[in-house]
**Q** 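Dropping a structure here in structure tokens format, bear with me for questions.
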Amino acid sequence: MRILVVGGGGREHALCWAISASPLCTKLYCAPGNAGIAQVAECIKVGTEDIPGQVALAQRLKIDFVVIGPDAPLVAGMADGFTAAGIKVFGPSKKAAQLEGSKSFTKELCRRHNIPTAAYERFTDVALAEAYIKAEGAPIVVKADGLAAGKGVIVAETVDQALEAVRDMLSGNRFGAAGAAVVIEEFMEGEEVSLFALSDGEHVLPLVGAQDHKRAFDGDKGPNTGGMGAYSPVPLLDAAMTERALREIVLPTVRAMKAEGIPFKGVLYAGLMIDKNGPRLVEYNCRFGDPECQVLMMRLKSDIVPALMACADGGLKHFDLRWSDETALTVILATKGYPDAYQKGSEIKNLAAAGKVEGVEIFHAGTNADGARILANGGRVLNVSAMAPTVEEARNRAYRAVDLIDWPEGFCRRDIAWRAVARRP
Ligand code: AMP
Ligand code: GLY
């Protein structure tokens with residue numbers, strides 16, 4: 001099969017790495033890809049959000065199967081574009097991608113189907129939103145309804161912060177159309193984990209869980225980012241908790257989507273908050289997490305291609321995937337300044353030596369090749385990933401590789417997986 005992966009980040013590098021190992025894959029393309037992806041796939045410069053461009057590319061390359069990595073093209077309807085062209089695709093339709101693209105769509109679905117999540121209300125009117133915040137008090141969470149590149153959520157510690165956030169969003173100053181409606185919800189305490197499951201619209205194949213680190217700096221300090229590191233498995237998400245989250249949250253969602261005529265086909269990424277009463281849904285995403293995908297792909301022992309295809313074709317019921325019991329962990333090397341302004345184009349040296357550390361795999365998230373030189377080309381630049389029998393050893397291996405990389409313009413967190421390490425006897 002000739003396979004095309006859409007995207008150019010660390011998630012897509014990990015997907016390409018796993019897909020290129022499949023005996024079913026005869027030729028792998030990635031658009032636009034990056035310097036690391038180019039080691040396992042032929043990269044072609046077509047943008048992630050260019051739906052007609054990607055469809056035309058797949059037609060020209062006679063692609064049999066497309067895997068869409070990022071959320072923005074899915075929410076914009078890229079899967080429908082491929083389907084209309086008669087090309088098999090992994091990723092939900094535009095309507096089903098509302099699970100990520102519209103916070104109120106998901107909250108309303110949860111309300112209709114009794115899926116546990118934070119109490120909420122949706123507003124387009126500033127005065128009503130303000131009155132609600134004043135009545136509820138703080139802490140309280142204000143979210144732009146639409147997709148806002150991971151930045152549309154304000155966890156307000158005070159009523160004043162929450163008021164400022166709704167005024168900002170509803171006035172259209174921030175997030176544009178994505179902030180034309182807001183969801184205001186109860187602040188949930190607990191520990192956050194991500195659970196992944198494939199679905200063919202009817203059946204669910206649970207994958208495994210992972211834990212992300214959203215803040216930029218050690219100790220969960222600093223601004224929110226797309227994710228500075230992840231690891232899997234997560235001790236809190238043991239077999240019993242996973243079973244419960246599937247039964248109470250994921251399965252009812254897949255059933256509800258089917259019953260409402262918008263079957264979800266693809267990977268459902270459930271962001272969960274777990275406290276003493278069990279799991280509640282924070283949010284859904286309609287694609288693999290980045291960097292969670294990187295640790296999932298490292299632990300996956302089975303061929304991923306037939307499972308991804310079954311999401312499109314049905315028949316996921318008969319699937320079983322095997323996972324390593326070891327811990328996979330990834331550390332994000334980002335350009336200094338990220339998630340705010342940063343410079344592109346600095347050179348990264350000594351990657352080859354770092355990649356030779358035992359158990360280590362380096363995925364590229366934002367790089368460019370300039371001849372033999374590798375240049376930083378984004379905020380999140382490298383995902384230094386490692387596997388080992390224990391979380392401590394996986395972490396040691398990853399940081400050993402990080403320390404071999406010569407890139408003064410980069411930074412990383414030094415405490416990835418701190419919760420799992422703290423839990424160890
Ligand atoms: P989201 O974009 O919905 O994932 O939200 C970004 C982050 O905000 C989440 O990963 C949580 O850490 C936090 N968050 C979102 N909703 C809530 C909530 N209701 N209670 C507490 N934290 C939340
Ligand atoms: N790592 C968070 C996300 O992919 O949304």
Side-chain angles (χ1 to χ4, degrees), residues 7 9-12 14-15 69-72 74-75 97 99-107 110 115-122 133 136 138-157 161-162 165 169 175 178-179 182-196 209-216 220-232 234 267-275 277 279-297 330-332 334 339 363 365 379-380 383 413 416 419:
R11 167 183 45 216
E12 288 77 29
L15 287 171
D71 42 271
L74 288 165
V75 171
L99 276 180
E100 174 161 4
S102 165
K103 308 257 183 215
S104 59
F105 174 88
T106 299
K107 297 299 280 189
C110 288
I115 296 166
T117 184
Y120 79 100
E121 290 300 332
R122 176 182 187 272
I133 290 167
E136 293 292 314
I140 192 161
V141 182
V142 179
K143 301 184 174 184
D145 194 6
L147 209 58
K151 300 197 175 88
V153 174
I154 307 291
V155 178
E157 314 265 338
Q161 271 174 14
M169 289 183 193
F175 315 121
V182 296
V183 165
I184 303 180
E185 60 178 54
E186 169 197 359
F187 173 78
M188 293 188 285
E189 290 196 65
E191 185 173 331
E192 226 178 318
V193 299
S194 311
L195 178 62
F196 296 86
Q211 191 163 49
D212 191 11
H213 299 64
K214 294 207 167 151
R215 302 299 196 99
D220 291 334
K221 301 268 179 359
N224 260 316
T225 70
M228 293 299 290
Y231 67 98
S232 173
V234 185
V267 60
L268 196 54
Y269 158 171
L272 304 174
M273 191 68 86
I274 299 180
D275 68 6
N277 297 316
R280 285 197 285 170
L281 181 72
V282 178
E283 59 157 359
Y284 275 127
N285 295 308
C286 65
R287 36 82 196 175
F288 282 106
D290 187 351
E292 292 96 325
C293 184
Q294 289 80 316
V295 291
L296 261 55
M297 291 307 115
T330 188
V331 176
I332 283 35
F363 299 116
R380 294 190 295 174
N383 311 144
R413 277 181 64 159
I416 299 308
R419 286 177 190 274

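Being a predicted model, the structure only gives us computed values, none of them experimental. In listed order, ligands and their atoms are each counted from 1.
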**Q** Does any N or O atom in Gly226 lie less than 3.5 angstrom from one in ligand 2, N or O only?
**A**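 For ligand 2, there is an N or O atom that lies under 3.5 Å from one belonging to Gly226.
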**Q** I'd like to know if Pro291 contacts ligand 2, where contact means a heavy-atom distance under 4.0 Å to any ligand atom.
**A**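 Checking ligand 2 against Pro291, which is what was asked, there is a heavy-atom contact under 4.0 Å.
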**Q** In ligand 1, which numbered atoms sit nearer than 4.0 Å to a non-hydrogen atom of Glu185?
**A**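 Answer, ordered by atom number: 16 (N), 17 (C), 18 (C), 19 (N).
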**Q** Mark up the atoms of ligand 1 that fall under 4.0 Å of a heavy atom belonging to Lys214, in ascending order.
**A**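 Answer, ordered by atom number: 4 (O), 10 (O).
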**Q** What are the atoms of ligand 1, with element, lying closer than 4.0 Å to any heavy atom of Glu192?
**A**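 Checking each atom against Glu192, I get 9 (C), 10 (O), 11 (C), 12 (O).
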**Q** For ligand 1, is any non-hydrogen atom under 4.0 Å from Met188's backbone (N, CA, C, O), its side chain (CB onward), both, or neither?
**A**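 Answer for Met188: both.
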**Q** Of the listed options (Asp212, Ile332, Thr225), which comes nearest to atom 2 (C) of ligand 2 when hydrogens are ignored and any heavy atom counts?
**A**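 Checking each option, the heavy atom nearest atom 2 (C) of ligand 2 is found in Asp212.
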**Q** Can you sort out which atoms of ligand 2 are near Gly289, meaning under 4.0 Å from one of its heavy atoms?
**A**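 Near Gly289, meaning under 4.0 Å from one of its heavy atoms, ligand 2 has 4 (O).
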**Q** Could an N or O of ligand 1 be found under 3.5 Å from any N or O of Val141, whether backbone or side chain?
**A**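 No, there is no polar N/O contact under 3.5 Å.
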**Q** Out of Leu281, Val183, Val153, Asn224, who is nearest to atom 2 (O) of ligand 1 when you count heavy atoms only?
**A**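 Residue with the shortest heavy-atom distance to the ligand atom: Val153.
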**Q** Would you mind listing which atoms of ligand 2 come within a distance below 4.0 Å of any non-hydrogen atom of Glu292?
**A**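 With Glu292 as reference, the close atoms of ligand 2 come out as 1 (N), 2 (C), 4 (O).
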**Q** Calculate, to the nearest 0.5 Å, the distance between atoms CG and OG belonging to Leu195 and Ser232 respectively.
**A**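 Between Leu195 CG and Ser232 OG, I get 10.0 Å after rounding to 0.5 Å.
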**Q** So which of Arg122, Glu121, Lys143 actually passes side-chain hydrogen bond (donor to acceptor under 3.5 Å, both in side chains) with Ser104?
**A**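 Result for side-chain hydrogen bond (donor to acceptor under 3.5 Å, both in side chains) with Ser104: Arg122.
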**Q** In Å, rounded to the nearest 0.5 Å, how long is the span from CZ of Arg413 to NZ of Lys221?
**A**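 Rounded to the nearest 0.5 Å, the CZ-NZ separation comes out at 9.5 Å.
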**Q** Heavy atoms only: which of Arg280, Glu186, Glu283 is nearest to atom 1 (P) of ligand 1?
**A**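 Nearest heavy atom to atom 1 (P) of ligand 1 lies in Glu283.
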**Q** Do Tyr231 and Arg419 have side chains that approach each other closer than 4.5 Å (heavy atoms only, starting at C-beta)?
**A**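 Yes, their side chains come closer than 4.5 Å.
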**Q** Please identify which atoms of ligand 1 are closer than 4.0 Å to at least one heavy atom of Val282.
**A**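 With Val282 as reference, the close atoms of ligand 1 come out as 15 (C), 16 (N).
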**Q** Decide whether the shortest distance between a heavy atom of Gly227 and an atom of ligand 2 is less than 4.0 Å.
**A**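 Checking ligand 2 against Gly227, which is what was asked, there is no heavy-atom contact under 4.0 Å.
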**Q** Using only atom types and a distance under 3.5 Å, with no angle test, would you say the side chain of Arg380 pairs donor to acceptor with the backbone of Gly227?
**A**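 Side chain of Arg380 to backbone of Gly227: a pair is present.
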**Q** Using the side chain to side chain contact (heavy atoms under 4.5 Å, CB included) definition, which of the options Glu283, Met273, Lys107 pairs with Thr117?
**A**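 Among Glu283, Met273, Lys107, the one that satisfies the side chain to side chain contact (heavy atoms under 4.5 Å, CB included) with Thr117 is Lys107.
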**Q** Please round to the nearest 0.5 Å and tell me the distance separating atom CD of Glu12 and atom CG of Asp290.
**A**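 Glu12 atom CD to Asp290 atom CG measures 6.5 Å (nearest 0.5 Å).
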**Q** Using a 4.0 Å cut-off to any heavy atom of Lys143, which atoms of ligand 1 qualify?
**A**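 In order of numbering, the contacting atoms are 3 (O), 15 (C), 16 (N).
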**Q** With side-chain hydrogen bond (donor to acceptor under 3.5 Å, both in side chains) as the test, would you mind laying out the steps for Gln294 and Thr330 before giving the verdict?
**A** CA-CA 7 Å; Gln294 289 80 316; Thr330 188; 5.8 Å; no
**Q** How about Met297 and Phe288: do any of their side-chain heavy atoms sit closer than 4.5 Å?
**A**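 In short, these two side chains touch, coming nearer than 4.5 Å.
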**Q** Less than 4.5 Å apart, side chain to side chain, heavy atoms only: is that true for Arg11 and Pro70?
**A**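 Yes, close enough: below the 4.5 Å cut-off.
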**Q** Ligand 2 versus Arg11, non-hydrogen atoms closer than 4.0 Å: side chain, backbone, both, neither?
**A**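 The answer is neither.
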**Q** Show which atoms of ligand 1 fall inside a sub-4.0 Å distance from at least one heavy-atom site of Lys103.
**A**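 Listed by number with element: 1 (P), 2 (O), 3 (O).
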**Q** Should Glu192 and Lys214 count as side-chain neighbours, where that means a heavy-atom distance under 4.5 Å?
**A**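 Heavy-atom side-chain distance check passes, below 4.5 Å.
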**Q** For ligand 2, which part of Arg287 has a heavy atom less than 4.0 Å away: the side chain, the backbone, both, or neither?
**A**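 Just the side chain.
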**Q** Under 4.0 Å from any heavy atom of Phe187, which atoms of ligand 1 are there?
**A**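 Contacts of ligand 1 toward Phe187, numbered from 1: 20 (N), 21 (C).
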**Q** Any N/O of Lys214 closer than 3.5 Å to an N/O of ligand 2?
**A**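 No, since none of the N or O atoms of Lys214 sits under 3.5 Å from an N or O of ligand 2.
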**Q** If you apply the rule salt bridge (Lys or Arg N to Asp or Glu O under 4.0 Å), what do you find for Arg287 with Asp71, and how did you get there?
**A** CA-CA 6 Å; Arg287 36 82 196 175; Asp71 42 271; 3.3 Å; yes
